[in-house]
Amino acid sequence: MRTPAPDSRPVALTIAGSDSGGGAGIQADLATMAAHGVFGTSAITAVTAQNTRGVSSSHVLPTDEIDAQLEAVTDDFAIAAAKTGMLATTDVIETVAEHARTFPFPLVVDPVMVATSGDRLLEPDAERAYEELLGRATLATPNTDEAEVLTDIAVTDDESAVAAGEAILETGVDAVLVKGGHLPGETVRDILVTDGSVRTFEHPRVGTEATHGSGCTLGSAIAARLAAGDPLETAVEGATEFLERAVRYHYDVGEGHGAVNHMVSLRNEAARERTAEDVQAVVDRFVEADVSALVPEVGMNVVGATPYADSVAETAAVEGRITRTLSGVQPNRGVRFGASSHVARFLLSAREFAPDLRVAVNCRFDAVVEDALEALAWPVAEYDRDRQPDEIRETADSTMGWGARQAFADRDEPPVAVVDRGAVGKEALVKLVADDPETLADRTLALDREVTE
């Protein structure tokens, strides 16, 4: 018999409807809580028949059953935070508000009124019943449409979002996060309004309609982070970043637009070791083959991105790069995350246009290499940093983004090689990219053979 080793976790509670399609509601909440390392409990308020295309029917549970669930959960578990989702009717809202009076933990209220698909999830007469529940809450997370219903203020910009948030504060809620995803524009701006302060969280809009479950996911991510002990602003900041990645790398499921990927951060973390091993395997092949002819003066680096990488810290590379020695090429140190700057930023920028790209390597570029690329007949793109606008030159991140746009945007087929002609005083390079490490190694060795023959 083995000795048990219990895993102690914070506990959170979701009070919401069930989504038979799995992308929103209770299912999304519990998945998001698990992704944050929090044990999730639930009180189901309604059962819906829905999928990625919409809601076909719903059945609200009797309030006695909701009472029983809430009493069972709060009587047994040390709940550290809770959130609400679909409450559907005045009776349900009032039932939850009655329980919320005794909650000794933070409560996040997502005033769900309409599904992403446009289907109504709340009786019109129940809209004003939210006032008492909000008065018991730590945070309300209305989208712009819900904020307008609650305040009669049409939210069209930052100023009106703040006005709506301040109006909702009058219910007694501690803070209001007015979500800006429904407003047009290249940037999504979520505005947190508290008594005496306003903070804006913004990120680039992801060009997808796969946002089913996004509101549920954000609310439960905030609740999970509060349960884990984060201050409110820290919890909101982390949750909005979590949601951005979950929407970008959404699940391609159903015949609608798909669903938010609640597990994306866990899967990204799980891929780190394999990514580092992949980079090391490519480096080992380069050392064995001695690719000295391709190593530029600045040194060569191999960079691998995790499948859902959004930052340099999520790319693995050789610390100190690969350099030429008297006995061939050698890595200066081992592979670690965040070790590359230039090549990593280029790979991340390229992934904005070709998300399947996982690996890249920088090689020297001159007339011999140019002839070799032509002989191999690969799709080749290029950019010239001397031609970039002055405002782009200010940061390397902007330069890499500009270069990737020149190389990858508006192309039917992503290039295999990208020539960076550098700038005054900068060495010209060619970067090879691929979807997997074996392909990258094969391409690099093929280029090496063509150059040395």
Side-chain angles (χ1 to χ4, degrees), residues 271-306 309 311-351 357-370 372-373 376 378 380 396 399-400 403-404 407 415-422 425-453:
R272 287 173 67 90
E273 183 175 355
R274 176 60 184 273
T275 300
E277 290 174 350
D278 287 343
V279 170
Q280 185 63 59
V282 174
V283 172
D284 290 344
R285 288 187 65 183
F286 290 176
V287 171
E288 182 180 3
D290 186 8
V291 294
S292 297
L294 292 183
V295 176
E297 291 182 13
V298 295
M300 169 185 282
N301 214 333
V302 180
V303 177
T306 57
S311 71
V312 168
E314 294 166 333
T315 63
V318 178
E319 187 174 10
R321 302 195 178 193
I322 301 168
T323 55
R324 291 190 296 263
T325 72
L326 294 176
S327 58
V329 300
Q330 290 293 330
N332 287 321
R333 286 184 287 278
V335 173
R336 71 169 178 84
F337 280 85
S340 171
S341 176
H342 179 95
V343 182
R345 289 197 300 269
F346 174 79
L347 177 60
L348 291 171
S349 297
R351 281 166 55 85
L357 292 179
R358 290 285 309 284
V359 284
V361 59
N362 65 311
C363 305
R364 74 178 178 92
F365 181 77
D366 55 20
V368 175
V369 175
E370 188 169 24
L373 289 172
L376 289 166
W378 290 338
V380 178
T399 294
M400 292 303 100
V416 165
V418 177
V419 176
D420 173 0
R421 294 196 176 273
K426 298 286 186 179
E427 184 179 9
L429 302 169
V430 60
K431 302 180 183 74
L432 305 184
V433 294
D435 297 349
D436 63 86
E438 186 173 352
T439 300
L440 179 76
D442 289 344
R443 288 173 177 171
T444 307
L445 296 180
L447 180 61
D448 180 65
R449 287 191 296 270
E450 194 69 36
V451 167
T452 55
E453 286 178 357

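Since the model is a prediction, treat every value here as computed from it, not as a measurement. Worth knowing before you read on, the calculation uses all heavy atoms, side chains too, and leaves out hydrogens, waters and symmetry mates.
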Between [X] and [Y], what is the shortest heavy-atom contact and its length?
| X | Y | answer |
| --- | --- | --- |
| Ala317 | Val279 | CA-CG1, 4.3 Å |
| Ala417 | Leu373 | CB-CD2, 4.0 Å |
| Phe337 | Glu314 | CD2-C, 3.8 Å |
| Ala276 | Val335 | O-CG1, 4.0 Å |
| Ala293 | Val451 | CB-CG1, 4.2 Å |
| Val287 | Pro331 | CG2-CD, 3.8 Å |

Could you go through the side-chain contact (heavy atoms from CB on, under 4.5 Å) check for Arg321 and Asn362 one step at a time?
CA-CA 10 Å; Arg321 302 195 178 193; Asn362 65 311; 3.9 Å; yes
Which residue is it: Val359, Leu440, Thr444? I am looking for the one with a side chain to side chain contact (heavy atoms under 4.5 Å, CB included) to Val302.
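Of all the options given, the one that passes is Leu440.
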With a 4.5 Å heavy-atom cut-off, do Val380 and Pro415 have their side chains touching?
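Result no, sub-4.5 Å side-chain heavy-atom pair not found.
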Can you confirm whether Ile322 sits close enough to Val291 that some side-chain heavy atom of one is under 4.5 Å from a side-chain heavy atom of the other?
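Sidechains of Val291 and Ile322: no contact.
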Rounded to the nearest 0.5 Å, what separates atom [atom1] in [X] from atom [atom2] in [Y]?
| X | Y | atom1 | atom2 | answer |
| --- | --- | --- | --- | --- |
| Leu294 | Leu445 | CG | CG | 8.5 Å |
| Thr323 | Met300 | OG1 | CE | 11.0 Å |
| Thr452 | Glu450 | OG1 | CD | 8.5 Å |
| Thr325 | Gln330 | OG1 | CD | 5.5 Å |
| His342 | Lys426 | NE2 | NZ | 9.0 Å |
| Asn301 | Leu347 | CG | CG | 11.5 Å |

Under 3.5 Å, is there a donor-acceptor pair between the side chain of Glu297 and the main chain of Glu427?
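No, Glu297 side chain to Glu427 backbone: no donor-acceptor pair under 3.5 Å.
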Quick check against the 3.5 Å criterion: does Arg358 have a side-chain atom that pairs as donor or acceptor with the backbone of Ala305?
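Answer holds: yes.
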Determine, step by step, whether Phe346 and Asp420 satisfy the side-chain contact (heavy atoms from CB on, under 4.5 Å) criterion, reporting the C-alpha distance in whole Å, the side-chain angles of both residues, the deciding distance to 0.1 Å, and the verdict.
CA-CA 10 Å; Phe346 174 79; Asp420 173 0; over 6 Å; no
Side chain to side chain donor-acceptor pair (under 3.5 Å) involving [X] - partner list, sequence neighbours excluded:
| X | answer |
| --- | --- |
| Arg351 | Tyr249 |
| Ser349 | none |
| Glu438 | none |
| Ser340 | none |

Sequence neighbours left out, what pairs pass side chain to side chain donor-acceptor pair (under 3.5 Å) with at least one residue falling in residues 276-287?
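Residue pairs with at least one partner in residues 276-287: Arg274-Asp278, Gln280-Asp284, Arg285-Asp442.
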Steps toward side-chain contact (heavy atoms from CB on, under 4.5 Å) verdict (Phe286, Val295)
CA-CA 10 Å; Phe286 290 176; Val295 176; over 6 Å; no
Once salt bridge (charged side-chain N to carboxylate O under 4.0 Å, His left out) is applied, what residue pairs with a partner in residues 328-339 remain, sequence neighbours excluded?
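Every pair satisfying salt bridge (charged side-chain N to carboxylate O under 4.0 Å, His left out) with a residue in residues 328-339: Glu319-Arg333, Glu319-Arg336.
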Taking it one step at a time, do Val282 and Val361 satisfy side-chain contact (heavy atoms from CB on, under 4.5 Å)?
CA-CA 10 Å; Val282 174; Val361 59; over 6 Å; no
